[in-house]
Amino acid sequence: MADAFASALLVHGAGAGGWEWNAWRGVFGAAGIRVEAPDLAPSAAGLEHTGLGDYLQQVRDALRGLRRPRALAGASLGGLLAAMAADDADALVLVNPLPPAPWHAQLPPREWPGIVPWRRDARLASTRRAVPDADDASALFAFRHWRDESGAVMRAAYAGVDIEPPACPVLCIASQLDEDVPPALTAALALAWNADLLRVDALSHAGPLLGRDAAKAAAQALAWLSAR
């Protein structure tokens with residue numbers, strides 16, 4: 001049964017927040033699963049001095065506070081963090097995850113300032129281009145809620161993190177036309193980790209969470225969890 005999982009922690013991507021999972025929260029909650037989708041917080045030293053380890057500790061603390069059996073899902077940067085914390089999870093769902101080493105070397109190259117100004121530079125037009133499979137309301141909501149991100153976190157993620165293959169069941173979800181994490185890269189990670197691979201209808205990097213088919217993607221992930 002779907003509600004065999006008592007709880008689920010959903011970890012958002014860079015520049016976003018727990019709101020990114022609103023569609024998934026509804027689908028999982030309707031199945032009787034307690035869902036937590038917290039906002040990752042800057043360290044006391046400030047956003048520019050926040051590191052990947054700061055976020056990882058928040059994920060671990062939040063996950064350990066949930067009743068077992070518990071699922072852990074992450075998208076993009078959140079997918080990398082979820083994989084790093086997988087030893088505390090009973091199942092893992094990775095949505096277009098930033099890949100660990102050695103697959104990180106295949107990511108499109110990026111330069112990251114001390115603070116990545118995604119909130120400051122947010123535009124509705126660029127949000128629509130980034131999530132072309134979102135409806136107008138979802139694109140407007142995302143545009144209003146993007147946040148700036150720690151460049152140190154992004155540099156660490158793109159530098160490659162060594163992660164042992166998770167011991168729990170893993171589902172990797174890939175969009176059709178993801179330009180940030182190419183679907184072939186997610187497929188390669190799934191193959192290496194003996195994980196299940198789901199190619200969803202969503203087109204963009206954030207499409208499985210924010211696109212028109214987000215609820216469908218959540219239902220597919222829930223069906224996978226139900227079979228575990």
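- Scanning both residues, Leu80 and Ile163, for their nearest heavy atoms gives CD1-CD1, 3.7 Å.
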Exercise for the section: Test side-chain contact (heavy atoms from CB on, under 4.5 Å) on Val59 and Leu40 and set out the steps. Expected result: CA-CA 8 Å; Val59 172; Leu40 296 172; 4.1 Å; yes
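- When hydrophobic clusters are built by joining Ile, Leu, Val, Met, Phe, Trp and Tyr residues whose side-chain heavy atoms come closer than 4.5 Å, directly or via intermediates, Leu210 is grouped together with Phe28.
- Around the CG atom of Asp121, the shell of radius 6.0 Å holds more than 12 heavy atoms that belong to other residues, nucleotides or ligands.
- Using a 4.5 Å cut-off on side-chain heavy atoms (C-beta onward), Val181 and His205 make contact.
- Leu72 and Leu10 are assigned to two separate hydrophobic clusters, defined by single-linkage of ILVMFWY side chains at heavy-atom distances under 4.5 Å.
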Practice task
For side-chain contact (heavy atoms from CB on, under 4.5 Å), just list the numbers for Ile115 and Arg120, CA-CA rounded to whole Å, side-chain angles, deciding distance to a tenth of an Å, and then say yes or no.
Solution key: CA-CA 10 Å; Ile115 294 180; Arg120 187 197 69 188; over 6 Å; no
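- Listed here is the closest heavy atom pair of Cys168 and Ala89: CB-O, 3.7 Å.
- The closest side-chain heavy-atom distance from Pro165 to Asn194 is not below 4.5 Å.
- Between Ala122 and Phe143 the shortest heavy-atom distance is O-CE1, 3.5 Å.
- Remark: the backbone N or O of Arg34 is not paired with any side-chain donor or acceptor of Ser7 at under 3.5 angstrom.
- Trp21 places a side-chain N or O within 3.5 Å of a backbone atom of Val11 that can act as its donor or acceptor partner.
- Note on Val116 and Leu107: same hydrophobic cluster, where clusters join Ile, Leu, Val, Met, Phe, Trp and Tyr whose side-chain heavy atoms are under 4.5 Å apart, directly or indirectly.
- Distance check, rounded to the nearest 0.5 Å: CH2 of Trp24 to CG of Leu222 gives 9.5 Å.
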Practice task
List the steps and the verdict of side-chain contact (heavy atoms from CB on, under 4.5 Å) for Cys172 and Leu197.
Solution key: CA-CA 5 Å; Cys172 292; Leu197 176 66; 4.2 Å; yes
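- Hydrophobic clustering of Ile, Leu, Val, Met, Phe, Trp and Tyr side chains at less than 4.5 Å, counting indirect connections, keeps Leu9 apart from Ile33.
- To the nearest 0.5 Å, atoms CG (Leu66) and CG (Asp61) are separated by 11.5 Å.
- In plain terms, the two heavy atoms of Ala41 and Tyr55 that are nearest each other are O-CE2, 3.5 Å.
- Inter-residue side-chain proximity for Ser43 and Thr50 is flagged as met; some heavy-atom pair is nearer than 4.5 Å.
- Checked for salt-bridge contact, Arg68 and Asp88 miss the test: no charged N lies under 4.0 Å from a carboxylate O.
- Heavy-atom neighbours of Arg119 CZ from other residues, nucleotides or ligands within 6.0 Å: above the threshold of 12.
- With hydrogens and angles ignored, the 3.5 Å screen pairs no side-chain donor or acceptor of Glu20 with any backbone N or O of Leu209.
- With hydrogens and angles ignored, the 3.5 Å screen pairs a side-chain donor or acceptor of Asp135 with a backbone N or O of Ser138.
- The shortest non-hydrogen separation linking Ala14 to Trp118 is CB-CZ3, 3.6 Å.
- Residues Leu47 and Asp148 have side chains in contact (heavy-atom distance under 4.5 Å, counting atoms from C-beta outward).
- Within the 4.5 Å cutoff, side-chain heavy atoms of Pro97 are placed close to those of Leu189.
- Between the OG atom in Ser204 and the CD atom in Glu179 there is a gap of 9.5 Å [rounded to 0.5 Å].
- Using cut-offs of 30° and 60° for the angle between ring planes, the Phe141 and His145 rings count as parallel.
- Counting only distance, with no hydrogens or angles, the side chain of Gln106 and the backbone of Leu185 share no donor-acceptor pair below 3.5 Å.
- Residues Val93 and Gln220 fail the side-chain proximity criterion, which asks for heavy atoms closer than 4.5 Å.
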Exercise for the section: Using the side-chain contact (heavy atoms from CB on, under 4.5 Å) rule, take Ile173 and Trp224 through it: C-alpha gap first, then chi angles, then the decisive distance, then the call. Expected result: CA-CA 11 Å; Ile173 295 179; Trp224 178 84; over 6 Å; no
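- For Glu164, the CD atom sits in a loose shell: 12 or fewer heavy atoms of surrounding residues, nucleotides or ligands are nearer than 6.0 Å.
- For the atom pair Asp39 CG and Gln58 CD, the distance stands at 10.0 Å (nearest 0.5 Å).
- The line from CG of Leu81 to CG of Leu98 is 9.0 Å long, rounded to the nearest 0.5 Å.
- Formation of a donor-acceptor pair under 3.5 Å by the Arg212 side chain with backbone atoms of Asp133 is found in this model.
- In this structure a side-chain-to-backbone donor-acceptor pair under 3.5 Å is missing from Arg147 to Gly17.
- Side-chain contact between Ser126 and Trp146: absent, with no pair of heavy atoms (C-beta onward) separated by less than 4.5 Å.
- Under a hydrophobic-cluster definition in which Ile, Leu, Val, Met, Phe, Trp and Tyr are linked whenever side-chain heavy atoms come within less than 4.5 Å, directly or via other members, Leu92 and Leu56 are assigned to the same cluster.
- Contact check for Glu149 versus Met154: side-chain heavy atoms found under the 4.5 Å cut-off.
- Of all non-hydrogen atoms in Phe5 and Ala71, the two that sit nearest each other are CD2-N, 3.6 Å.
- Between the side chain of Ser175 and the main chain of Asp178, no donor-acceptor pair closer than 3.5 Å is present.
- Atom CE of Met84 and atom CD of Gln57 lie 11.0 Å apart (nearest 0.5 Å).
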